[in-house]
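Below, read A as the first sequence line, B as the second, and so on, with proteins coming before strands; counting in each chain starts at 1.
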Protein chains: 2
Amino acid sequence: MRFSKIDLFEGISGDDVGKMMCCFGATFRRFKAGATVCDYAGDGDEVGVMMYGRAAMTRTDEDGEIAVLELFDEGDIFGEVLAFANENGDSVRVVAESDCEVMFIKYSQITKRCENACAHHSRLVSNMFGLIAKKTLSLSRRIEILSKKTTREKLLYYFRILAKRYGDEFYLPMSVTRLAEYICADRSAMTRELSSMQADGLIELQKKKVRLIKAV
Amino acid sequence: MRFSKIDLFEGISGDDVGKMMCCFGATFRRFKAGATVCDYAGDGDEVGVMMYGRAAMTRTDEDGEIAVLELFDEGDIFGEVLAFANENGDSVRVVAESDCEVMFIKYSQITKRCENACAHHSRLVSNMFGLIAKKTLSLSRRIEILSKKTTREKLLYYFRILAKRYGDEFYLPMSVTRLAEYICADRSAMTRELSSMQADGLIELQKKKVRLIKAV
DNA sequence: CTCAAAATGTTGCATTTGCAACATATATAT
DNA sequence: ATATATATGTTGCAAATGCAACATTTTGAG
């Protein structure tokens, strides 16, 4: 078992993580690609931690239309309280995108003070806050993007975020189709806008490689 | 001091809250309406708790354009890790909308285990998770709304959320102008759409009173 | 390799929307 | 009460966008 790449356990040695598992009531389960990892129907006191593999949180509405709400990679955490709002009765599920393994921890056990030798419990709580904060940040970042009025402004705002992290030349971290879903724009209209932005000298595009041209 | 209405301290008696204050390094400050409560410039290890009054988180961009990111009422918490993404260098601040009092707690003190008689520490951590979860939920709800393609769909989705909570007849919890900002639509275009929805028999509007007509 | 499925790119057209420029109503301060 | 600022409602018009229909490329499974 490799805990070293899991942010939730950062700062806690593998041995200690192993010892902590029992008082968390942690369980491990493996899933084949395509399998349902969990179904949010109002049950969940559990937090899932992706040990390896990928999964997607999806919402299926009454018309059978499937929307991808979030993607989880190794180390990411998910759970009902962290789930997307599900005000109507649509089915929200986490589905394995590849073979994967998930650790489930009881939510209530994380917050409880631990009677055993869990010296690192507070570190875990702190890490958990950090992960939720990260998630909050990515949600608010998306709101910032969606609040832009035009597709061009949305793309530029998003590209500037990427450029700040990776430099003026970077690779899109997702497919064009997914990008269109992410910024909630029609895929063909977005492609049209990308061409137009290139024509206007704002960006250069080669496949997924983007170069953001600085304004002079 | 009234702690009874503050969700962060739910399940903890006023006396015990008072005792816990010292080990949190809590400080209290009062602000006049219009005063700056805090400025997010990368400092913050602090969480703010609104004891009474209202405040708004705002972003001011390079053109001096002010956008309201979030509103805080009594009991709400805010802090840098909970703040909106601020990728560009815009100034993000919390500004008092009325006279108010804010309690500041060191973030790191909440996660630390407490040596003193803070038997309720874990309850506090649990409450803190709950509050962050609530915030996450409201962010994702807004994303759901913004992801709708047309203004009509955005409004209907939002109205259905309100109808689920308050019944088919309810009052808008904000001004029309603020609603337009919330759903990121032009105010006049939104008003136009509201009229059109009323003409199409989807809703009835009287000032801020909305009645959602069920589809037959 | 071969084939099918998924992703990508392009375009015309109708609809939606932002924007500007108003008129009117309501709230707030003095 | 009066004045001033803010909120609300309306409309024409140009721009942006979703949508559909299609061609082409890339990916992935067998």
Under the side-chain hydrogen bond (donor to acceptor under 3.5 Å, both in side chains) rule, collect the residues that match up with [X], sequence neighbours excluded.
| X | value |
| --- | --- |
| B/Asp15 | none |
| A/Thr177 | none |
| B/Asp7 | none |
| B/Thr36 | B/Arg93 |

Looking at residues 204-212 of chain A, who's got a heavy atom less than 4.0 Å off DNA chain D?
A/Lys207
Pull out every residue in residues 173-180 of chain B that has a heavy atom closer than 4.0 Å to any atom of DNA chain D, ordered by number, or say none.
B/Ser175, B/Val176, B/Thr177
Any residue meeting side chain to side chain contact (heavy atoms under 4.5 Å, CB included) with B/Ala33, in chain and number order, not counting sequence neighbours
B/Asp99
Hits for side chain to side chain contact (heavy atoms under 4.5 Å, CB included) against B/Arg178, two or more places apart or cross-chain, chain-then-number order -> B/Val68, B/Leu71, B/Glu97, B/Met174, B/Ser175, B/Glu181
Any salt bridge (Lys or Arg N to Asp or Glu O under 4.0 Å) involving residues 185-202 of chain B? Give me the pairs, sequence neighbours left out, ordered by first then second residue.
B/Arg152-B/Glu193, B/Arg152-B/Asp200
For nucleotides 10-18 of chain D, give me one character per nucleotide, 5' to 3': B if any protein heavy atom sits under 4.0 Å from the base, S if the only such contacts are to the sugar-phosphate, - if neither.
BBB---SBB
Integer-rounded Å distance: C/dG18 P and B/Glu181 CD:
13 Å
What is the distance, to the nearest angstrom, from the CD atom on B/Glu97 to the P atom on D/dT6?
13 Å
Answer with yes or no whether the side chains of A/Ser147 and A/Glu144 bring together a donor and an acceptor at under 3.5 Å.
no
The salt bridge (charged side-chain N to carboxylate O under 4.0 Å, His left out) partners of B/Glu204 (sequence neighbours excluded) come to B/Arg211
To the nearest 0.5 angstrom, please state how far the OG1 atom of B/Thr136 sits from the CG atom of A/Leu139.
6.5 Å
Checking salt bridge (Lys or Arg N to Asp or Glu O under 4.0 Å) for the pair A/Lys209/A/Glu169: CA distance, chi angles, key distance, verdict?
CA-CA 7 Å; A/Lys209 187 160 83 177; A/Glu169 191 168 305; 3.6 Å; yes
Could B/Glu70 and B/Lys135 be called an ion pair, given the rule that one side-chain N must be under 4.0 Å from one carboxylate O?
yes
Just do the side chain to side chain donor-acceptor pair (under 3.5 Å) check on B/Thr150 and B/Glu153 with the steps written out, would you?
CA-CA 5 Å; B/Thr150 64; B/Glu153 285 175 298; 3.2 Å; yes
With five pairs defining each end axis, the helix from C/dC1-D/dG30 to C/dT30-D/dA1 comes out bent, to 10°, by 70°
